[in-house]
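Read through the structure below, which is laid out as structure tokens, and then see the notes.
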Amino acid sequence: MQQQSPAKKKKKIKVPRVVNGVDTLVEIEVDDDGSVAWGPNDKHALLNHRLPRVDGHVKVSGAAEYTHDRRPPGMLYGRVLRSPHAHARVLKVDASAARGIPGVKAVVASTDDPARKELVVLFAGQPVAAVAAETPEIAEDALRAIRVDYEVLPHLVRAEDSVKEGAPKVFADPKEPNVEPRDKRGDASKVAEALKGADVVVEAEYRTPIIHHSSLETHGNVVDYRGGEEATVYASTQGTFTIPGDAAQELGLKESAVRAVVEHMGGGFGSKFGIGVEGMLACQLSKQAKAPVHLMLTRKDEFLLAGNRSGSWQKFKAGATKDGTLVALHAVQYRLGGLGDGSQAGQPYIYAAANAYREGYSIHTHEDASRAMRAPGHPQASFAVESLMDELAYKLGMDAVEFRKKNLKDAVYHRQLDRGAREIGWGRRNKTPGAGAGPLKRGMGCGIGTWGGGGNDECKVDVTVARDGSVSVAVGTQDLGTGTRTYTRAIVAEELGLQIKDVAERIGDSRLGSANSSGGSTTAASLAPSVKDAAVKARLAVAERLSPLLGGAKPEEITFSNGGVSGGGKTLSWRQACAALPAAGVTGHGVWQTSLAGRGVHGVCFAEVEVDVETGRVRPIKMVHVQDIGLPLNRLAVESQMNGGMIQSLGMALWEGRVMDAKLGLQLNPGFGDYKLPGALEMPELVPLIDDEDTREAVIGVGEPSIIPAVGAVANAVHNACGVRVRELPITPDKILMGLLSERRGA
Amino acid sequence: MKAFEWVSPASVEEAVSLLKSAPASKDVDEAARPLAGGQDLLTTMKDYLTRPVRVVNLKGIRGLDRVEGDGKKGLRLGALVTLAQVEEHAGIRRDFPGLAEAAHSVATQQIRNLGTVGGNLCQRPRCWYYRLEEAVCIKKGGSECFAATGENKYNAIFGGGPSWIVHPSDLAPMLVALGASVNVSGPDGRRAIPLEKFFTLPSEGSIRRENVLKNDELITEVTVPASPFAARSTYLKFKERESLDFALSSVAAAVELGPDKRVRQARIVLGGVAPVPWRVPKAEEFLKGRALDAESLAGAARLALEGAEPLSQNAYKIPLTQTLVRRALAKAGGVSA
Ligand SMILES: Cc1cc2nc3c(=O)[nH]c(=O)nc-3n(C[C@H](O)[C@H](O)[C@H](O)COP(=O)(O)OP(=O)(O)OC[C@H]3O[C@@H](n4cnc5c(N)ncnc54)[C@H](O)[C@@H]3O)c2cc1C
Ligand code: SF4
């Protein structure tokens, strides 16, 4: 989407800055409505610099306590019994033998609740029972001692099978058909008409498989409840505040009596909101045993029941005229989200087509429901449309970048394409796909994305300055590994003229100020403004106390820099200044400021690969990602996000994908052996480029935009290298070899 | 994993008798198992694919971790020699370079530090149906091979039926190419088995097993004879994911060249394409007396893959393996492919 800046009237004020190591006052422009402003992006003392992560050391040394590491005294281990059938009626669950195993302390079965009608499992992996025992081994034994009688029903795990006439139904409810229409836009007949006038037409189908989040830490919770009125839940979650309500309901407690703790968590990528079925089971087990229960999913559980990025199947007919204008595009888009609806951005995505029509559907199968995953629906849409644009450009004999520019109105895309092309050396690319001597062929491709982001008014932050000079910032938010702790400290330190080490942060606790869930790249844009507001208020509160000591200087004019506080011609050291504070110190309560957050970003990726046409091996050589982001709070963290986005999309392009057996209805690769994440040897040179021409003085999330454009870029690079267009991800050696073979046969 | 009895014998004889005396089991996968590095056995136990009543720890037995000999006398590898030892051993790298390469190609450094030669040869298949507890195929006592008509991109193109596994060991093809044998100890004493006769096709031996070893037999040693081609040996493995993967296809090659640079004899054994290391005698014969050039390499590659019977999703293994044959032979012979 288009870049949006916060609305503002401007005024000029003077603020202290260190210029060439000397403290000076510089004039900056800020909003005139009395609201807080960040000031120009290139005038920060800490923000927009490269700040090493404050929790880096505890993480790499293993000292950080993740949810998985929690071991409250008397704790039991929980395990989940999954259905081995993709579709079956549960007739009976007999857990008597499991209950009799020494060390087993609680068993819950899906059939426990007499009010519940029959249970029909709808995917292989759906939980049917759970146990808690003194050791994980006893818990495993107990699972296997539970007898479940199933009546196996016909299943569907392939979209093609699900759409067939007379196919069995995925859901029993007649209101839920296998194929559900989602959206429809444009006029198909106009598109058909316009296609007649096109000079080239491409008709193609693209597919992407279901992708797994593959978070380092699996889903799960440690529910510390021992009977009584209160409970603490240690959760691996993207939403600290989504936990207490869910847990309270299961435990039969008041929401306010449940505390959620998320000290460190090992990633979620969109899959960890709310307590989930695993959390509900943990609560039930804990309640039954009156003891804490540690229930973290196993890796196999994680693959089978913890959500996924929906697959896609997109059919196009598109046409362009000789001058490179996209005149018509007809798209049929299927979202393959299993029991879920899946997600897919509407085509033609970012492109302008004179005549466009699309219709979208969800095709259901007996697989666990898709969940949000880093830019839901965008990599799928981007891969397909970027492949399609490439096919049109090649068919026209036009440069792939020029073709894109011709069909993109937004100037930001143009400048990002130019920058990426320069960085990768676009001029060096193979002009004819597959050309060149020898088996190793190089190729380049590009792709484009867009994201919204933006912040919301949910974060309440306290910044407290104590009389001993210590500074703390507290808010209940969670750090997903994105660097939340670091920028939270940095904002406060910069505001008070201190160093990062002078500020301590407390986060990940529902007893602290409320915060939003981390979804949609909204964390930084929601949290940072509130932190800034709290820091400004704390600064003014300190200044007010100091005014008498600084010759009666006005609080707004007292400056904080380099660990000192100055005004009225005097300077106090930070410690001296704080000594003047009341015994309880002073606290600034911050709330969200619309003036500090923006939304709407672009993002372009270029990739270079080498294809061995005798083995089908694709070796990624280099990837360049150009991203606008407004004010980069921490350049190192932003680059790290972009690197992570490139790596994840590389995985999606070349190796990853769920494989189902149609007959058995089972996933064949529910583990890191056969679900192939890229490793260190697969890594190309990664070049993350922050587009500093975006001078918006506003915080915008960068987590999601950075995963979108690279998938198409890699696929296009493969084609440019060897001439084979692989339209179904992942692009593995078998597809390239067979593609080359059929090309040779065709020729 | 299912609870088991753990025993730690101090000698091969004791180990054999502990294997023999283990309580009888209903299913072969419940029989007592020897444990070496545990890098494969523990994974099959954790997934309940094997459920041994007794685990016989071999690591307390002295003397099985030695590498002896060289290219002149031949090589003796104790069964407990680790893959890391093999890949780092200066003599092996010099006199049996292909063997060091094969060891190096396995898994990751951590796994090679623990995984042993004996365990590598006796590891179980990687077919994803086999590795999935819920899929009870013939290999696990069921009645059907799901790969035959299912997702078979990684399965066999040679020697398949009624199971289409590929043998996962990287050492095996190379050791077969080098003419190695295994020394086996059992209740009836010791015997030496040429490695070529050690592995069994699903149509020949028990489909529940991949080799001729009985439940109470142990490999104690692998012997590799001195040969005129060992010094010109190489192992070329193609992985879908370079960082860590089994072979989509691999080629163990060794050649003896005459003074005229013509091939006196060649050994070519394919990995990742059949339930056993797949030797291709026709291609070996074809090379005799020929110089290694583009034409002879292509001829050998074509013959090596002759008779392949791909399943619905693995025909790509034919061109892939042809390339590997050419490249491996060229490397072994010191010419460009
Ligand atoms: C992630 C991963 C990747 C891997 N990648 C590869 C690969 O690329 N290439 C490859 O070749 N292998 C690979 N392996 C498989 C295997 O772990 C190693 O090859 C290793 O060498 C096995 O040796 P071990 O000593 O650990 O065997 P163990 O696990 O101890 O034993 C394996 C089997 O052999 C039996 N056994 C062990 N020793 C003897 C003996 N002396 N006599 C009779 N039977 C014996 C055991 O009972 C068991 O059935 C991989 C394994 C993992 C987990
Ligand atoms: S190839 Fe063998 S292991 Fe795989 S499904 Fe068939 S019988 Fe089972």
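Naming: A, B, ... by sequence-line order, numbering from 1 per chain.
L320(B) touches chain A through backbone and side chain together, each having a heavy atom under 4.5 Å away. Interface remark: M683(A) contributes no atoms to any contact with chain B (heavy atom separation under 4.5 Å). With a 4.5 Å cut-off on non-hydrogen atoms, L681(A) touches chain B through its backbone and its side chain both. Of the two parts of K676(A), the backbone and the side chain both hold a non-hydrogen atom closer than 4.5 Å to a non-hydrogen atom of chain B. With a 4.5 Å cut-off on non-hydrogen atoms, E137(A) does not touch chain B at all. Contact annotation for Y154(B): only side-chain heavy atoms (C-beta onward) come within less than 4.5 Å of a heavy atom of chain A. When heavy atoms are compared at a cutoff of 4.5 Å, K735(A) does not approach chain B at all. Looking at L664(A), the atoms closer than 4.5 Å to chain B (heavy atoms on both sides) all sit in the side chain, from C-beta outward.
Minimum interatomic distance between E614(A) and T323(B) (heavy atoms only, all atoms of both residues): O-OG1, 2.6 Å. Contact detail for A680(A) and S243(B): the closest heavy-atom pair is N-OG, 3.4 Å. Closest of all the heavy-atom pairs between E140(A) and Y48(B) is CB-OH, 3.7 Å. E240(B) and P733(A) get closest at one heavy-atom pair: CG-CD, 3.9 Å.
Atoms CZ and CZ, from F238(B) and R617(A) in turn, are 4.0 Å apart once rounded to the nearest 0.5 Å. In this structure, CZ on R82(A) lies 6.0 Å from CD on E134(B), to the nearest 0.5 angstrom. Atom NZ of K663(A) and atom OG1 of T149(B) lie 4.0 Å apart (nearest 0.5 Å). Taken to the nearest 0.5 Å, the CZ atom of R144(A) stands 10.0 Å off from the NZ atom of K2(B). Once rounded to the nearest 0.5 Å, the distance linking CD of Q313(B) with CE of M738(A) reads 11.0 Å. Atom CG of L741(A) sits about 9.0 Å away from atom CD1 of I318(B), to the nearest 0.5 Å.
Highest contact tally toward chain A, considering only E151(B), R241(B), R326(B), is held by R241(B) [criterion: heavy-atom pairs under 4.5 Å]. Counting heavy-atom pairs closer than 4.5 Å to chain B, the top residue among L737(A), L668(A), L740(A), L677(A) is L668(A).
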>> Working note: K153(B) + V659(A), criterion side-chain contact (heavy atoms from CB on, under 4.5 Å); need CA distance, chi angles, decisive distance, verdict.
In response: CA-CA 11 Å; K153(B) 143 180 192 190; V659(A) 179; over 6 Å; no

> Do E242(B) and R619(A) pass the side-chain contact (heavy atoms from CB on, under 4.5 Å) test, and can you show the C-alpha distance, the side-chain angles, and the key distance before you say yes or no?
Replying inline: CA-CA 10 Å; E242(B) 198 57 35; R619(A) 192 164 70 91; over 6 Å; no

>> One pair to check against side-chain contact (heavy atoms from CB on, under 4.5 Å): E133(B) and L666(A). What are the steps and the verdict?
In response: CA-CA 11 Å; E133(B) 188 192 357; L666(A) 298 173; over 6 Å; no

>> Working note: E682(A) + K239(B), criterion salt bridge (Lys or Arg N to Asp or Glu O under 4.0 Å); need CA distance, chi angles, decisive distance, verdict.
In response: CA-CA 12 Å; E682(A) 279 65 57; K239(B) 303 180 238 184; over 6 Å; no

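The neighbour count for R147(A) CZ, taken as heavy atoms of other residues, nucleotides or ligands under 6.0 Å away, does not exceed 12. Summarising the local packing, NE2 of H68(A) is surrounded by more than 12 heavy atoms from other residues, nucleotides or ligands at distances under 6.0 Å.
A side-chain donor from one of Y129(B) and D661(A) sits under 3.5 Å from a side-chain acceptor of the other.
Side chains of N669(A) and R131(B) form no contact here, defined as non-hydrogen atoms less than 4.5 Å apart. T615(A) has its side chain within reach of R327(B): a pair of non-hydrogen atoms, C-beta onward, lies under 4.5 Å apart. Taking 4.5 Å as the limit, every side-chain heavy atom of Y316(B) sits out of range of all side-chain heavy atoms of T732(A). Considering only heavy atoms from C-beta on, D734(A) stays 4.5 Å or farther from N314(B) through its side chain.
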